[in-house]
Amino acid sequence: MMKLLILNEKKSQAEKFADYLGGMSGDFEGNQYDIVYAAGHLLQLKSPNEMVDKSLVEKYSDWKNLDNFPWNATDINWQKYVSPGKEKYIKNIRNAIPGHDVIVIATDNDPSGEGDVLGWEIAEYLGWNKAIWRIRFKGDDSANYVIDALHKPEKANLSTQDTQGMLVKGKSRQKFDFLTGLEESRIATNLARQEGFYNKGKAISIGRLQTYITCLVDSQNKARTNYVKKPFYEVRYKDANGNVFKRNYQEGDSWRFDNELSAKKDLNDYSTDQIVIDSTEDKRKQPPKLVNLADLGKIFQSKYTTDQITSTYQKMYDDKIVSYPRTEDNAITIDDFNELLPYADKIARVVGIDPELLTHREPRKKFIIKSEDHGANRPTKLVPKSIEEVTSKYGECGKDIYLQLAKSYLAMLAEDYVYTQIKAHLANHSEFISTINVPKEQNYKLIFDDESLKEDKAEVTKSFSDEANPLVYQGSNTPPAKPTLTFILNNLDKWNLGTGATKMQTISKLQAIGNENKKVIPQIKVTKGIFHVTGTGALVACLAKDTYLSSGKITKRLQDILNEIKDDPAKQDMVYSVAAKTIEHDKAIMIKNAPLLKQDDQVNKLAGDLKAIERFSGIFVKNNETVNPPITIFDGHKTNSEEQQKALAGEKITYLSNKFGKEEKHIAYLAEQTYKNKKTGKEVTRISWKVEFPQDTDHVEGIYLPLNQKIKFKKEYGQHAFTEEEIITLLAGKELSFEATDKQGKSYTATGKLAEQEFKEGQRKVKFWGFKPNSRPVDTSVYEVITYKDGKEYHFKKIYRNHRWTPEELKKIAAGKKQIVAFNGQKGTYRLEIKPNPKKKFKGKTFFGFDEKFVK
DNA sequence: GCAAGGTC
């Protein structure tokens with residue numbers, strides 16, 4: 001009898017195991033067991049300088065000496081520490097260990113070996129020295145698979161870990177990415193600085209996945225800029241339904257011209273011709289495979305960011321209304337199929353699909369896989385009551401995700417799309433041919449049209465008419481594709497780069513929207529669905545051009561080596577030499593590229609202002625150590641050398657600051673400050689500026705009763721200073737009226753209450769509390785009040801240029817549309833094109849007005 | 001200050 005500690009990768013998996021085995025603890029065929037779980041990787045590699053012998057710490061802390069690279073990977077002991085935020089999971093597992101004989105690693109069985117690493121690193125970290133069993137099961141949602149796997153565990157222990165192929169494979173991948181990523185980041189950062197590009201004092205991040213993406217986006221945009229359109233002209237035929245007949249072009253054919261005139265001359269040799277049908281055949285197309293998260297990203301790329309989609313999907317997964325997000329499966333097991341089938345009608349009704357369409361309830365082969373990672377993304381048995389419920393819980397994006405997911409699933413249960421394929425040629429010119437597909441029965445396409453996944457959407461075709469007419473057709477060489485999300489994802493797939501879990505995430509992280517997530521400096525940004533590099537991205541693209549890490553090939557090569565290591569783990573040190581060779585090569589390339597930074601237009605335009613924070617240095621009297629504080633204090637004050645010396649001597653300096661809207665006296669001094677490093681969670685102590693602000697006499701503080709929350713707000717509004725009594729009224733959340741003077745000097749009664757408001761400071765939105773006047777009622781006998789297309793209310797005068805707006809005109813105005821209106825002037829009627837402009841400006845005031853253009 | 005891989 002053995003006591004087993006079953007270690008799952010995540011909570012949801014542990015819950016399923018408990019379900020199959022009869023609880024989180026219990027008895028499995030005579031052996032006692034307890035189930036514990038992680039939350040993905042709980043551990044990560046330490047900093048390089050923490051993984052080497054004392055004598056090498058200096059070398060591995062250094063960023064500046066290029067001779068250090070490549071490192072000697074055998075110097076490194078590959079120790080790990082608990083990722084910030086994951087301590088509670090480690091604690092739970094540690095507490096559960098005593099009394100057990102075996103740790104059963106029951107994490108995901110990824111082909112990369114990631115699940116193996118994830119389990120083994122926990123056992124190692126916790127100092128486990130007894131048996132370790134690895135079980136591999138097909139999918140995590142069938143009791144039979146799990147029990148079957150428990151019958152035949154792969155038995156090992158920590159001392160034999162180097163013989164475990166999958167584990168060694170996973171660890172080797174980790175080592176390669178760590179070595180190449182960290183070393184090349186240091187090399188790139190150093191080289192850029194030597195050329196004067198400081199990237200705001202932050203490191204330039206280089207890595208196998210991210211650098212490929214950044215360089216791909218940049219090279220594609222450059223290819224688009226350099227594209228020269230080369231038109232060609234040729235005779236084609238078109239029938240009344242728009243079907244085109246053309247010849248198959250071979251290099252050197254004389255009927256294709258580079259100028260229109262020649263083609264026009266050629267056109268004289270052709271005349272209206274009869275269409276001859278060659279064949280008519282009915283064809284069928286099965287519904288497309290199920291969508292995954294990357295597909296959802298592609299479908300909604302112009303509507304939502306990758307970040308919105310992944311985070312919304314995650315919320316829906318947390319509530320279990322959709323399946324596990326991070327998979328690349330496009331099919332499901334027969335068990336999954338059978339489990340969800342009884343809910344199909346219910347799902348259909350929620351998403352507004354007629355259940356009558358779901359007649360194909362037998363599984364087609366293409367949708368069924370024997371084993372799965374997690375199974376394709378799909379709705380679950382937990383069907384929401386209505387689509388409105390989904391919208392109210394997860395917003396517009398959640399609604400769109402659910403609709404798309406449900407429809408993709410339901411399409412699988414509909415009949416094949418049937419179309420008629422017709423091939424034809426022209427009677428007198430048989431070399432002109434045409435093939436068209438005419439839809440016959442839409443079937444699954446009524447539920448989900450897979451065209452939405454393609455970038456070039458096919459048009460619906462009508463059958464041939466009797467005859468076709470010749471015309472001169474202008475074509476051109478194809479321009480390089482736009483770097484859209486689809487483009488990036490397709491290229492990642494080409495090289496097998498990134499996993500289901502990381503692709504969308506990395507693209508999100510690389511984007512400017514990651515500004516809130518300060519872990520990563522954005523390298524790319526997306527505008528209108530097209531990706532571009534940022535300043536940092538421009539630096540990366542120029543420096544890393546032609547490096548191995550910027551190319552997809554390195555991943556193919558790495559994977560070959562990793563598989564070799566998996567088959568013979570004794571070869572594991574191979575990964576060290578591959579990493580060293582990669583770094584050596586890339587270092588040489590980057591040294592060559594570095595001088596080009598100054599000549600690169602894009603780099604100068606985008607990265608020129610990413611200068612370093614200027615610092616001064618000196619010995620600080622209080623700790624007798626050399627310190628490097630910034631010259632400019634964060635309140636905007638630029639210190640002079642006299643002030644710097646004073647501060648180093650431990651004295652306070654005083655100056656006037658203008659930063660916060662008005663001039664005030666600030667006192668600043670150097671002192672020890674403690675920060676939390678966001679990535680490592682470690683506290684860092686540093687000497688930097690502290691500022692004493694003058695006492696705030698403009699604002700008042702108090703408890704805002706409706707929220708029971710402490711707030712601060714301005715003591716006055718316009719010319720009016722609030723009295724004690726009025727402040728109490730406002731803090732109670734009540735309305736207040738007082739006599740006020742407007743900007744024109746007229747007095748009026750202002751009524752309003754406290755509200756949280758927002759103003760923009762550059763890109764940043766700053767929230768504040770303050771008195772907010774109610775919008776003054778408009779005189780509806782003089783003004784029209786409309787709800788504009790942006791959903792907001794606006795007003796404007798009923799009579800404009802002596803013309804009273806008609807109801808039809810008002811409708812167009814509300815829709816934001818242009819229109820031509822006739823006005824009566826002194827010299828008769830004149831016409832203007834009128835376009836509503838809700839942000840019309842006059843003497844600094846913004847109002848709802850109209851842009852006008854004269855028309856004849 | 002630096003990766004990619006997990007999950008939440």
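Sequence lines set the chain letters: A, B, ... in the order given, protein chains first and strands last, and positions in each chain run from 1. Since this is a predicted model, take the numbers as computed values, not measurements.
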Pair F17(A) + F137(A): ring centers closer than 6.0 Å: yes

Closest to side chain of R173(A), choosing from dA4(B), dC2(B), dG6(B): dA4(B)

Salt-bridge present (D67(A), K59(A); N to O < 4.0 Å): no

Shortest side-chain distance from S112(A), nucleotide among dC8(B), dG6(B), dC2(B): dG6(B)

Distance below 4.0 Å between Q314(A) side-chain N/O and dT7(B) OP1 or OP2: no

Whole angstrom value for the distance that separates C1' of dC8(B) from CD of E15(A): 13 Å

Length of the NZ-P vector between K169(A) and dG6(B), whole Å: 12 Å

For E87(A), all residues meeting side-chain contact (heavy atoms from CB on, under 4.5 Å), sequence neighbours excluded: V82(A)

Among dG5(B), dG6(B), dC2(B), the nucleotide that comes nearest once only the side chain of L118(A) is considered: dG6(B)

Shortest side-chain distance from R193(A), nucleotide among dC2(B), dG6(B), dG1(B): dG1(B)

Residue whose nearest DNA chain B nucleotide is more 5′ - N190(A) or E121(A): N190(A)

Centroid distance under 5.5 Å and plane angle under 30°, F178(A) vs dA4(B): no

Nucleotide of dG1(B), dC2(B), dG5(B) approaching E114(A) most closely (side-chain heavy atoms): dG5(B)

Atom-pair distance (CE on M316(A); P on dT7(B)), nearest Å: 19 Å

Under-4.0 Å side-chain N/O to phosphate OP1/OP2 contact, Y324(A) with dT7(B): yes

N or O in side chain of R326(A) less than 4.0 angstrom from dC8(B) OP1/OP2: yes

Sugar-phosphate, base or nothing in reach of E9(A), heavy atoms under 4.0 Å: sugar-phosphate

Atom-pair distance (CZ on F176(A); C1' on dG5(B)), nearest Å: 15 Å

DNA chain B: 5'-proximal contact among A203(A) and L42(A) (nearest heavy atom): A203(A)

Touch class at under 4.0 angstrom, heavy-atom based, for T189(A) against every strand present: base

Sugar-phosphate only, base, or nothing, as touched by I206(A) at under 4.0 Å among non-hydrogen atoms: sugar-phosphate

Check: L167(A) main-chain N/O paired with Q161(A) side-chain donor or acceptor under 3.5 Å: no

For C542(A), the option from D218(A), V533(A), L597(A), N593(A) that meets side-chain contact (heavy atoms from CB on, under 4.5 Å): L597(A)

From dG1(B), dG6(B), dT7(B), nucleotide with atom closest to A39(A) side chain: dT7(B)

Candidates dG1(B), dC8(B), dG5(B) - which lies nearest the side chain of R208(A): dG5(B)

From dC8(B), dT7(B), dA4(B), nucleotide with atom closest to D108(A) side chain: dT7(B)

Ring-face cation of K10(A) near Y324(A) (centre distance under 6.0 Å, axis angle within 45°): yes

Closest to the R186(A) side chain, choosing from dG6(B), dG1(B), dC2(B): dC2(B)

Side-chain N,O (K10(A)) to OP1/OP2 (dT7(B)) below 4.0 Å: yes

